[in-house]
Undergrad: 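The structure under discussion is supplied below as structure tokens; questions concerning it will follow.
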Amino acid sequence: MDPRPIGVFDSGMGGLTVLHECLVTLPHEDFVYLGDGARLPYGPRPLAEIRRFAREIAGYLERQGVKLIVAACNSATAAALPDLQRSLSVPIVGVLAPEAHAAVLATRNRRIGLLATEATVASGRYAELVGALDAGAELVPVACPRLVPLIEGSDPFGEETADAVREYAAPLRDAGVDTVILGCTHYPLIRPIFQRVFGRGVTLVFSADETACEVAETLARKGIENDGSREGAYRFLTTGDPALFREMGRRFLQLPIASAEHVEVATLEAAAA
Ligand code: DGL
């Protein structure tokens, strides 16, 4: 039995969709979630800069005494996972491999679409992961820079979001994909818009549930689970505005957020030094 908490991080609120699945799948574990709201969005940034941010946050969480870290951000996973696996002493679970695996299992015509941030697409990591599982599968990537600001904005379910989804989906429909990886932790929030645009014939793959399964399996195989009879606690840290985090975070978490603590970017930077 291991009572230490699990650390989860994201550039902002999107990773709360992953935390949601973890809290439902592992209700007896404790979690600490860090959202880097002050430096959101990561998606348009160079990969080297995202890698530095991820190193700082993971180093900070490790010093907080977590037993496992979840990089609940596709852009951070794409930019930094191998680097973090080398530098951390605790296991780290990213969001790309579980999705690539689920997509390869789901596709029947071996044509898989990817919708993600510019950084995630630029990294080429999904193509590598899908290729390692099925060298004959084709990945069609589309960067979606408009979606994260719309989802974090005042009208995530509005006509502008539906228009943007139609625009980004068009090349994937033309390519005849039968499976689409929604490769960004923000996207589950607008799942009905994606499903309506693509139709029921296309399988949508999200990171949240796939990643929660991988976290559960990692804890079990390493023998570092907490006592299964207890109810776990969860808490929040943000480099942004704690009041905004609490208010907007509920939209993503769909569970209570009692409070959020502020942490300075300089504190994170010091953790990587
Ligand atoms: N959380 C990021 C991801 O999953 C999206 C938001 C951002 O651009 O920072 O890629």
Side-chain angles (χ1 to χ4, degrees), residues 7-22 33-58 61 69-81 84 92-100 102-103 113-127 129 141-153 156 161 164-165 168 180-191 194 204-212 214 236-241 244-245 248-249 251-253 265 268:
V8 182
F9 78 88
D10 178 40
S11 56
M13 317 265 180
L16 292 172
T17 59
V18 177
L19 180 65
H20 169 100
E21 286 301 326
C22 288
Y33 179 95
L34 193 149
D36 195 7
R39 300 186 288 193
L40 176 94
Y42 283 7
R45 294 179 186 271
L47 291 167
E49 187 177 35
I50 301 172
R51 201 171 300 130
R52 176 164 61 80
F53 293 170
R55 237 189 340 251
E56 291 168 7
I57 296 170
L61 288 172
I69 293 176
V70 184
C73 173
N74 297 67
S75 306
T77 303
L81 191 68
L84 296 177
I92 175 151
V93 172
V95 283
L96 268 60
E99 278 185 327
L114 168 67
L115 298 178
T117 66
E118 295 134 295
T120 300
V121 169
S123 76
R125 289 287 292 152
Y126 273 108
L129 289 163
V142 174
C144 311
R146 286 166 63 203
L147 289 187
V148 168
L150 283 167
I151 294 168
E152 291 230 356
T161 310
V165 168
Y168 295 134
V180 175
I181 299 173
L182 296 174
C184 173
T185 48
H186 281 66
Y187 299 171
L189 204 76
I190 55 163
R191 179 183 201 131
F194 285 113
L204 301 181
V205 175
F206 293 90
S207 54
D209 38 1
E210 307 296 343
T211 304
E214 182 151 330
F236 301 92
L237 305 167
T238 175
T239 56
D241 175 2
L244 182 71
F245 184 94
M248 178 119 71
R251 194 193 275 182
F252 288 87
L253 190 68
V265 168
L268 302 181

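All ligand and atom numbering here is 1-based and tracks the order in the structure.
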Undergrad: Under 4.0 Å from any heavy atom of Pro41, which atoms of ligand 1 are there?
TA: 7 (C), 8 (O), 9 (O)

Undergrad: For a side-chain contact (heavy atoms from CB on, under 4.5 Å) with Val180, tell me which candidate from Leu114, Leu115, Val142 qualifies.
TA: Leu115

Undergrad: Would you say Ser75 has any N or O atom under 3.5 Å from an N or O of ligand 1, going by distance alone?
TA: yes

Undergrad: Determine whether the side chain, the backbone, both or neither of Thr117 has a heavy atom under 4.0 Å from any heavy atom of ligand 1.
TA: side chain

Undergrad: Can you name the closest pair of heavy atoms from Ala72 and Asp10 and give their distance?
TA: O-OD1, 3.4 Å

Undergrad: Please work out whether any backbone atom (N, CA, C, O) or any side-chain heavy atom from C-beta onward of Asp10 is under 4.0 Å from ligand 1, and answer side chain, backbone, both or neither.
TA: side chain

Undergrad: Nearest heavy-atom pair of Ile181 and Glu99: which atoms, and what distance?
TA: CG2-OE1, 3.5 Å

Undergrad: Which ligand 1 atoms are under 4.0 Å away from a heavy-atom of Val148?
TA: 5 (C), 6 (C)

Undergrad: Could you give me the CA-CA distance, side-chain angles and deciding distance for Val18 and Ser207, then say whether side-chain contact (heavy atoms from CB on, under 4.5 Å) is met?
TA: CA-CA 7 Å; Val18 177; Ser207 54; 4.3 Å; yes

Undergrad: How close does the nearest protein non-hydrogen atom get to atom 8 (O) of ligand 1, and which residue and atom is it?
TA: Gly43 N, 2.8 Å

Undergrad: Against heavy atoms of Tyr42, which atoms of ligand 1 measure under 4.0 Å?
TA: 7 (C), 8 (O), 9 (O)

Undergrad: Have a look at ligand 1 and work out which part of Leu40, if any, has a heavy atom under 4.0 Å from it: side chain, backbone, both or neither.
TA: side chain

Undergrad: Please state whether Cys184 comes within less than 4.0 angstrom of ligand 1, counting heavy atoms only.
TA: yes

Undergrad: Give me the ring orientation class for Tyr42 and Phe53: parallel if the planes are under 30° apart, tilted from 30 to 60°, perpendicular past 60°.
TA: tilted

Undergrad: Any donor-acceptor pair under 3.5 Å linking the side chain of Arg52 with the backbone of Ala48?
TA: no

Undergrad: Among all protein heavy atoms, pick out the one at the shortest distance from atom 2 (C) of ligand 1; state its residue, atom name and that distance to 0.1 Å.
TA: Cys73 SG, 3.5 Å

Undergrad: So is Gly14 in contact with ligand 1, going by heavy-atom distances below 4.0 Å?
TA: no

Undergrad: With heavy atoms only and a cut-off of under 4.0 Å, state how Ser11 meets ligand 1: side chain, backbone, both or neither.
TA: side chain

Undergrad: Determine the minimum heavy-atom distance between Val265 and Ala38, stating which atoms define it.
TA: CG2-CB, 3.9 Å

Undergrad: What heavy-atom pair brings Asn74 and Leu96 nearest, and what distance separates the two atoms?
TA: O-CD1, 3.6 Å

